[in-house]
Number of protein chains: 2
Amino acid sequence: MASYKDKKVITIGIVNELTGLSERKIRYYEERGLIFPDRTKRGTRKYSFADIELLMKIADKREEGVQTSEIKKDMMREKRKKDLREEMLRGQINAHFNRQK
Amino acid sequence: MASYKDKKVITIGIVNELTGLSERKIRYYEERGLIFPDRTKRGTRKYSFADIELLMKIADKREEGVQTSEIKKDMMREKRKKDLREEMLRGQINAHFNRQK
DNA sequence: CGTGTAAGGAATTCTGACACG
DNA sequence: CGTGTAAGGAATTCTGACACG
């Protein structure tokens, strides 16, 4: 699952080129817990393509006037839903194999 | 076709981390025409994941003692073969549609 | 030929802070 | 709250060159 899309290899300057967001904004969204870049040994931030797509979604929301705290809540809600779906899927798979025994 | 794998977004320092090749080597292989990074406006090299995979293949060949000029010839031979296969495929597709008329 | 290295300059990135609204 | 900006320092990247083998 961890393919090119999720590898954190892009520096903030390139992220700025790709998204048009200022470095200040990119760092601020991290400060607010919306995005989680890796770091090199020396502390330079590294982003993935997935991060870039997320940043563009965040930018859209901000343009609509949504606050970062709201965006974060939405993201956590979606994550919970996703975790739940996966949990249920696992349950079905288990049920299936248990029936076989 | 131009997906994450081919987007040139990785700086040379990260390429060094990912491949273990020195920056000197990476730049030299470019000088010899084996690899073609993009540049930012300010001239910083940008590589793709495909470039990184190619660099690792080049590194393997070099370890076997193959010279850069040989590696380049091999790469051009393979490219020619690939172009030929695509050319023939296009030919078959055309033949197919012509028959229909 | 292939690679290391020191050199000097330019551009990048980082953090913490002040400003404004 | 969200973002801009100036500040100072540290790390990055670039090119051209000399070294060695």
**Asked** Does Arg45(B) make a side-chain N or O approach to OP1 or OP2 of dT15(D) shorter than 4.0 Å?
**Response**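 For dT15(D), OP1/OP2 do have a side-chain N/O of Arg45(B) under 4.0 Å.
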**Prompt:** Do any side-chain nitrogens or oxygens of Arg42(A) fall under 4.0 Å of OP1 or OP2 in dT12(D)?
**Reply:**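 Yes, because at least one side-chain N or O of Arg42(A) sits under 4.0 Å from OP1 or OP2 of dT12(D).
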[X]: which residues meet the side chain to side chain contact (heavy atoms under 4.5 Å, CB included) condition with it, sequence neighbours left out?
X: Ile93(B); value: Leu89(B), Phe97(B)
X: Lys82(B); value: Arg85(B), Glu86(B)
X: Arg90(A); value: Glu87(A)
X: Ala59(A); value: Leu21(A)

**Request:** Could you identify which residues of residues 53-76 of chain A place a heavy atom less than 4.0 Å from some atom of DNA chain D, listed by residue number, or say none?
**Result:**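 Residues of residues 53-76 of chain A that come under 4.0 Å of DNA chain D are, in numerical order, Arg62(A), Gln67(A), Thr68(A).
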**Request:** May I ask you to say what Thr11(B) touches in the nucleic acid, namely base, sugar-phosphate or nothing, with a heavy-atom cut-off under 4.0 Å?
**Result:**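 Touches sugar-phosphate only.
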**side-chain hydrogen bond (donor to acceptor under 3.5 Å, both in side chains) pairs, two or more places apart, involving residues 56-67 of chain A** =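 Output for this query lists Lys61(A)-Asp74(A).
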**Message:** Checking side-chain contact (heavy atoms from CB on, under 4.5 Å) between Asp83(B) and each of Lys81(B), Arg80(B), Lys79(B), which is the one that passes?
**Reply:**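 That would be Lys79(B).
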Take the protein atom [atom1] of [X] and the nucleotide atom [atom2] of [N], then report the distance between them rounded to whole Å.
X: Arg39(A); N: dC14(C); atom1: CZ; atom2: P; answer: 6 Å
X: Tyr47(B); N: dT12(D); atom1: OH; atom2: C1'; answer: 13 Å
X: Leu21(A); N: dT13(C); atom1: CG; atom2: C1'; answer: 17 Å
X: Lys46(B); N: dA11(C); atom1: NZ; atom2: P; answer: 16 Å

Give every residue pair that meets the ring pair (Phe, Tyr, Trp, His ring centres under 6.0 Å) criterion with at least one member in [range], sequence neighbours excluded.
range: residues 58-91 of chain B; result: none
range: residues 5-37 of chain A; result: none
range: residues 38-62 of chain A; result: Phe49(A)-Tyr4(B)

**Request:** Using the test side chain to side chain donor-acceptor pair (under 3.5 Å), find all partners of Lys25(A) that sit at least two apart in sequence or belong to another chain.
**Result:**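 Side chain to side chain donor-acceptor pair (under 3.5 Å) check on Lys25(A) returns nothing, list empty.
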**Request:** Return the stems involving DNA chain C, sorted by first number, where pairs are Watson-Crick (N1-N3 with N6-O4 or O6-N4) or G-U wobble (N1-O2 and O6-N3), both under 3.5 Å, and runs are 3 or more long.
**Result:**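 Stems found: C:2-5 with D:17-20, C:17-20 with D:2-5.
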**Prompt:** Can we say Arg45(A) and Asp38(A) salt-bridge, meaning some charged N sits less than 4.0 Å from an Asp/Glu carboxylate O?
**Reply:**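 Judged by the 4.0 Å cut-off on N to carboxylate O distance, Arg45(A) and Asp38(A) do not form a salt bridge.
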**Proximity to DNA chain C (any heavy atom under 4.0 Å), residues of residues 22-38 of chain B only** =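 The stretch gives Ser22(B), Arg24(B), Lys25(B), Tyr28(B), Tyr29(B), Arg32(B) as the residues lying under 4.0 Å from the strand, ordered by number.
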